[in-house]
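Just so you know, these numbers use all the heavy atoms, side chains as well, and skip hydrogens, waters and symmetry mates. So you know, we letter chains A, B, ... as the sequences are listed, proteins then strands, and number each from 1.
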Amino acid sequence: AQSVTQLGSHVSVSEGALVLLRCNYSSSVPPYLFWYVQYPNQGLQLLLKYTTGATLVKGINGFEAEFKKSETSFHLTKPSAHMSDAAEYFCAVSGPSNSGYALNFGKGTSLLVTP
Amino acid sequence: GAVVSQHPSRVICKSGTSVKIECRSLDFQATTMFWYRQFPKQSLMLMATSNEGSKATYEQGVEKDKFLINHASLTLSTLTVTSAHPEDSSFYICSGGLAGGPSTDTQYFGPGTRLTVL
């Protein structure tokens, strides 16, 4: 079975500060890892994904994540937070479900950006 | 990117009634569609997966007779919550996938439907 654990349900940063959202995965096979962002009362938007190849993945809005197999991690970072980054962030791993393959989500991390 | 729409965005219904939620892929053909539910301040939980033209496969603990899923075409899937009760109140989100396997398994999510059962 595949799963992800997001460390910290709430993260608060100052505008302009580094954003670091942590995600660790568990997988019996090479994982496919995703970060999604959700704004209030909206669906999920893909920030970035890792499947194979380069372990440093760049996404939209200045976010990036690095796949580290030795640490089973896929942490999300952004050098400088903007107020508009305040949202819920979900890490997910693509894994088998009863029906084939689906996304297994972490519990989410709420990012608060303060002025 | 690929766009998925959901209708309605919000619905309020009385207990015991049925509600249908539509999920459409607007600019791509979704061979697989997924239905999730999300309770407040919680993560998304997969309810079922449907492939066009075949019966949906439900996750453990999800009542297939209560949550009817139809995937009649490559661009439309519907979720019907039958005999809804207040505990069914939730945020329902669909997603469409371009392929069935993990190597290209990017899911594109709809904006969600907020269901409130009185």
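For chain A, the nearby parts of Leu44(B) are the backbone and the side chain; heavy atoms of each come within less than 4.5 Å. Heavy atoms closer than 4.5 Å to chain B are found in both the backbone and the side chain of Leu44(A). Heavy atoms of Phe105(A) lying under 4.5 Å from chain B belong to its backbone as well as its side chain.
Within a 6.0 Å radius of CZ in Arg114(B), other residues, nucleotides and ligands contribute more than 12 heavy atoms.
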(request) Tell me, with the steps shown, if Gln38(B) and Gln38(A) meet side-chain hydrogen bond (donor to acceptor under 3.5 Å, both in side chains). (result) CA-CA 12 Å; Gln38(B) 183 182 32; Gln38(A) 184 181 34; 3.0 Å; yes
Contacts table for residues 57-73 of chain A: side-chain donor-acceptor under 3.5 angstrom, sequence neighbours left out:
unit_1	atom_1	unit_2	atom_2	d
Lys58(A)	NZ	Glu64(A)	OE1	2.8

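How far OH of Tyr89(A) is from OH of Tyr36(A): 15.0 Å, rounded to the nearest 0.5 Å.
Your options are Ser9(A), Gly108(A), Gly106(A), and the one with the most heavy-atom pairs under 4.5 Å with chain B is Gly106(A).
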